[in-house]
There are 2 protein chains.
Amino acid sequence: MDPEAASISTLGQALLGLLARQPGTGYDLAARLRRPIAYFWTAQHSQIYPELARLDRAGLIRHEASVGRGPRPVKHYDITEAGLACHRAWVTGPVSVRPARSEETLQVWSLWLSDDPDQARAWVTMRRAAHDARLATLLGERDALLAEGPVEPGQPRWSNLAAVELGIRVARSTVEWCDWLLTDHLPPQ
Amino acid sequence: MDPEAASISTLGQALLGLLARQPGTGYDLAARLRRPIAYFWTAQHSQIYPELARLDRAGLIRHEASVGRGPRPVKHYDITEAGLACHRAWVTGPVSVRPARSEETLQVWSLWLSDDPDQARAWVTMRRAAHDARLATLLGERDALLAEGPVEPGQPRWSNLAAVELGIRVARSTVEWCDWLLTDHLPPQ
DNA sequence: CCTTTCATGTAATGGGTTACATGATTCG
DNA sequence: CGAATCATGTAACCCATTACATGAAAGG
């Protein structure tokens with residue numbers, strides 16, 4: 001019930017979102033952050049453990065410690081009522097406009113300098129392959145999700161589908177942009 | 001002629017790209033970074049001035065100082081041969097895979113928690129408006145570019161068009177994703 | 001006269017990556 | 001017996017944002 005609950009970092013909210021779905025250890029959260037969420041957010045364990053400690057101190061999550069196999073006890077985290085309320089308030093709140101960082105587009109923005117047209121073509125072809133691979137992965141993810149059964153609002157799987165669908169659309173339009181460059185807008189051969 | 005020339009930060013490459021197009025002062029570069037490039041990279045002047053000093057020390061750019069209006073001399077920067085070579089090598093090099101950071105998608109990923117469906121609809125509608133505004137700006141940018149005359153490879157304007165076109169496609173598909181959510185995949189009313 | 005623009009820096013702080021450190025269990 | 005997995009932490013460093021600091025010229 002901290003009045004400062006609003007000043008939670010994005011990673012903190014990501015962890016609250018994970019714990020709202022299912023409790024787990026820091027190690028477990030790191031793994032779950034890697035696998036399905038890596039398309040739009042990532043963090044290393046070195047960042048996760050201190051952040052969990054902060055959320056704990058703020059009363060947004062709680063933990064139960066048990067003797068671990070390693071030198072330190074294992075901490076099983078769960079979200080509190082206050083944490084759930086804080087996270088709920090954040091999801092429909094305004095999107096913080098953090099500046100865009102696309103190194104790829106920066107390279108495009110200097111691609112006119114490439115003296116060798118073949119090299120420019122090769123670069124775009126490589127980019128196309130990378131985005132196409134991402135698209136294929138996301139399509140697979142969507143298929144798996146739909147195969148599990150009907151997806152309805154109010155369930156985690158609904159959010160999963162929405163996020164994957166956004167990724168698919170962005171990946172597809174990026175592939176199409178590569179094709180647009182390769183067919184019409186680069187010197188031929 | 002530093003052998004360490006490969007270890008230039010992304011911001012450094014952005015500045016080299018700006019200077020490859022046209023020389024200028026740090027202040028000028030900050031302004032040029034704000035206006036057309038802000039869609040895919042940004043930096044504050046407090047980051048730019050030290051970075052220019054580093055590039056200068058590495059011999060990738062050079063400067064001529066003249067007496068300024070303020071307390072310090074004005075430095076007019078220009079790219080060197082070594083700097084141009086370093087930047088050329090970077091543009092067609094591999095894209096460094098920096099992890100995705102989309103706070104917006106993170107929110108979508110927890111949007112299933114929203115107990116009030118109206119609030120979820122309002123959030124998506126707000127997002128749609130934001131992306132639509134960005135799309136409109138980019139379309140205007142493209143029109144202005146094409147109105148200036150034909151765009152051909154090997155010129156800066158070719159890169160400008162390519163970058164804007166990518167932005168347009170991504171913005172458009174994101175707007176379409178919002179519509180997909182609003183029409184079929186949110187509880188009605 | 002006040003605000004904006006031109007012009008360049010430093011300091012403090014926060015977010016994030018890489019590397020350092022430890023140690024038991026499980027699987028091949 | 002060695003590698004991967006489970007499990008948790010700290011330290012050093014880099015990148016980026018915000019704030020602090022200075023001061024002339026131009027325009028309304």
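Residue numbering restarts at 1 for every chain, and letters A, B, ... go by the order of the sequence lines.
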For nucleotides 17-19 of chain C, print each protein N/O atom paired with a nucleotide N/O atom at under 3.5 Å, atom names and distance only.
unit_1, atom_1, unit_2, atom_2, d
C/dT17, OP1, B/R101, NH2, 3.0
C/dT18, O4, A/S46, OG, 2.7

Tabulated below should be each protein N or O lying under 3.5 Å from an N or O of nucleotides 23-27 of chain C; please produce it.
unit_1, atom_1, unit_2, atom_2, d
C/dA24, O4', A/R69, O, 2.7

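Using the six-membered ring where Trp is involved, A/W90 and A/H87 have ring planes that are parallel, under 30° apart on the 30 and 60° scheme.
A salt bridge links B/E141 with B/R35; the closest basic N to acidic carboxylate O contact falls under 4.0 Å. Checked for salt-bridge contact, B/E165 and B/R169 meet the test: a charged N lies under 4.0 Å from a carboxylate O. Using a 4.0 Å cut-off between charged nitrogen and carboxylate oxygen, B/D56 and B/R62 do not count as a salt-bridge pair. Using a 4.0 Å cut-off between a side-chain N of Lys or Arg and a carboxylate O of Asp or Glu, A/R128 and A/D179 qualify as a salt bridge. In summary, A/E64 and A/K75 do not engage in a salt bridge, as defined by a charged side-chain N under 4.0 Å from a carboxylate O.
Reading DNA chain D from its 5' end, the first and the last nucleotide to sit under 4.0 Å from a heavy atom of chain B are D/dC15 to D/dA25.
A side-chain hydrogen bond (donor to acceptor under 3.5 Å, both in side chains) with A/H131 holds for exactly one of A/E176, A/R172, A/E104; it is A/E104.
The distance from atom CD1 of A/I48 to atom P of C/dG16 is 11 Å, rounded to the nearest whole Å.
Pairing each heavy atom of A/L15 with each of A/E51, the nearest pair is CD1-CG, 3.7 Å. For the residue pair A/Y39 and B/A100, the shortest heavy atom distance occurs at O-CB, 2.9 Å.
Cluster membership for B/L111 and B/V175, using ILVMFWY side-chain heavy atoms within less than 4.5 angstrom, is not shared.
Sequence order on DNA chain C of the closest nucleotides to B/K75 and A/R98 puts B/K75 first from the 5' end.
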